[in-house]
Amino acid sequence: AYRPRFKEGYFPVPPTDSLMDLRSEMLLRSREAGVGAYLHHHEVATAGQGEIAVGAKTLTAAADQLMLFKYIVRNVARKHGKVATFMPKPLFGDNGNGMHCHQSLWREGLNLMAGKEYAGLSQTALCYIGGLLRHAPALCALCSPTTNSYKRLVPGYEAPVNLAYSSRNRSAAIRIPTYFRSDPAKDAQTKRIEYRPPDPTANPYLAFSAMLLAGIDGVLNKIDPGSPVEKDIFELPAAELARIPKVPGSLDEALRALESDHKFLLQGGVFTEELLRTWIEYKWKKEADFVRMRPHPAEFHLYLDA
């Protein structure tokens, strides 16, 4: 069962948060370089885990700024004698590092995701969610593309393992931010969905494109996302929780999902069969098999005196 572990605390202030100045410098250097970073704070995990929020841009520009942002973060950390890692799960038993991707659709200055459906969403937004949820296992091969990704995507630790959507549950794959409920006009302008399974090991050019294509597939085919999960997922009875689909449990499983479900990625010539086949083969041979064939330190703990 999930139990919050506030060893450092969520959102502490200095002096408990000893890395406030370091993150501030990362944010300021990012802004100077044109990256739309706008807030930062300590996160739940130990070892100096932090969150820095980066603002919205169009698809390619968003991927460009992510690459620049990671470069700046690493260099500022190095300047201060520290190492920054974007590994999804660098520490056993502690919360992992995600890359929560906020997404919205616009046409001629109008936010197509704002409406009068659940949590202020439009029917278009709900179908977009349906596409993401239907193709989520295949998306994991591009959005959570390392063996370490699946050390993070396990129950607990606020990990988004449940393929559901909600305006409250942080273990759901999709959350609907509701920051401005008291101001309908502002809420309509900021209405979006937050897709939470991706992590920072993803190639953003591939991952962002794949998520958009999955959402568009949902819109074009009017994919029903089902009902939102309003109950606390951590408190659901086992039988009820078992009915909620889950993300893949390993890179191998995600790659098999991509093999069997990738037609939506071929629309418009964005991806090709050859590119996807090359990606799958590389990931299997150079990463999944590379890790699987080597003894793990935990195996010495378990089996050394067998």
Side-chain angles (χ1 to χ4, degrees), residues 1-5 44-45 87-89 92-101 103 118 126-176 193-202 207 210-211 213-215 217-218 223-262 264-265 280 283-284 287-288 291-292:
Y2 171 76
R3 295 291 183 271
R5 294 160 306 288
V44 175
M87 284 181 66
K89 191 76 166 184
F92 169 71
D94 226 338
N95 285 34
N97 298 316
M99 184 175 70
H100 300 162
C101 297
Q103 302 167 47
Y118 172 76
L126 290 175
C127 292
Y128 190 99
I129 289 172
L132 284 172
L133 293 177
R134 174 172 294 184
H135 299 298
L139 287 176
C140 279
L142 295 165
C143 300
S144 306
T146 66
T147 58
N148 188 250
S149 299
Y150 300 89
K151 305 291 195 300
R152 167 186 171 248
L153 292 176
V154 295
Y157 310 103
E158 295 185 1
V161 298
N162 299 290
L163 294 179
Y165 69 102
S166 173
S167 63
R168 297 187 302 160
N169 286 304
R170 291 182 180 271
S171 67
I174 296 176
R175 187 174 75 95
I176 296 91
I193 64 98
E194 177 189 1
Y195 189 59
R196 300 168 66 86
D199 66 59
T201 60
M211 284 184 275
L213 286 168
D217 186 64
I223 297 175
D224 182 3
S227 300
V229 177
E230 290 291 83
K231 298 179 182 178
D232 186 340
I233 291 179
F234 299 126
E235 301 298 328
L236 286 179
E240 193 172 344
L241 182 62
R243 289 196 292 270
I244 300 176
K246 304 294 189 290
V247 296
S250 66
L251 180 58
D252 294 61
E253 189 178 337
L255 293 171
R256 284 193 290 270
L258 181 59
E259 275 190 320
S260 62
D261 176 26
H262 62 262
F264 69 98
L265 295 172
I280 291 169
K283 285 288 176 178
W284 245 317
E287 297 183 35
V291 171
R292 180 172 50 250

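Asp217 places no side-chain N or O within 3.5 Å of a backbone atom of Gly131 that could act as its donor or acceptor partner. A donor-acceptor contact shorter than 3.5 Å links the side chain of Ser144 to the backbone of Pro197. At least one donor-acceptor pair under 3.5 Å links the side chain of Lys89 to the backbone N or O of Asp94.
In this structure, Asp261 and His135 approach most closely via the heavy-atom pair OD2-ND1, 2.8 Å. Between Ala136 and Tyr195, the shortest heavy-atom contact is CB-OH, 3.4 Å. Nearest heavy-atom pair, Phe264 versus Ala138, reported as atom, atom and distance to 0.1 Å: CE2-CB, 4.4 Å. Residues Val154 and Lys151 share a closest heavy-atom pair of CG2-O, 3.6 Å. Nearest heavy-atom pair, Pro225 versus Leu126, reported as atom, atom and distance to 0.1 Å: CG-O, 3.3 Å.
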CA sep, side-chain torsions, deciding dist, call: Lys283, Leu142, side chain to side chain contact (heavy atoms under 4.5 Å, CB included) | CA-CA 10 Å; Lys283 285 288 176 178; Leu142 295 165; over 6 Å; no
After noting the C-alpha distance and the side-chain angles of His100 and Arg175, does the key distance pass the side chain to side chain contact (heavy atoms under 4.5 Å, CB included) rule?
-> CA-CA 10 Å; His100 300 162; Arg175 187 174 75 95; over 6 Å; no
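One finds the CZ atom of Arg152 at 5.5 Å from the CG atom of Asp199 (value rounded to the nearest 0.5 Å). Note that CD1 of Ile193 and OG of Ser167 are 13.5 Å apart. Values are rounded to the nearest 0.5 Å. With rounding to the nearest 0.5 Å, the separation of CG in Asn162 from CD1 in Ile174 is 12.0 Å. Taking CD of Gln103 as the start and CD1 of Ile129 as the end, the distance is 10.0 Å to the nearest 0.5 Å. Put simply, CG on Leu133 and CD1 on Ile244 are 11.0 Å apart, with the number rounded to the nearest 0.5 Å. Taking OG1 of Thr201 as the reference point, atom CG of Asn148 lies at 7.5 Å (rounded to 0.5 Å).
Of the candidates Cys140, Pro88, Cys143, Cys143 is the only one forming a side chain to side chain contact (heavy atoms under 4.5 Å, CB included) with Pro198.
Around atom CZ of Arg196, more than 12 heavy atoms belonging to other residues, nucleotides or ligands sit under 6.0 Å away.
Scanning for side-chain contact (heavy atoms from CB on, under 4.5 Å) contacts around Arg256 gives Asp252, Glu253, Glu259, Trp284, with sequence neighbours left out. Under the side-chain contact (heavy atoms from CB on, under 4.5 Å) criterion, Pro137 pairs with Leu163, Pro248, Ala257, sequence neighbours left out.
Using cut-offs of 30° and 60° for the angle between ring planes, the Tyr165 and Tyr118 rings count as perpendicular.
Side chains of Leu255 and Ser250 form no contact here, defined as non-hydrogen atoms less than 4.5 Å apart.
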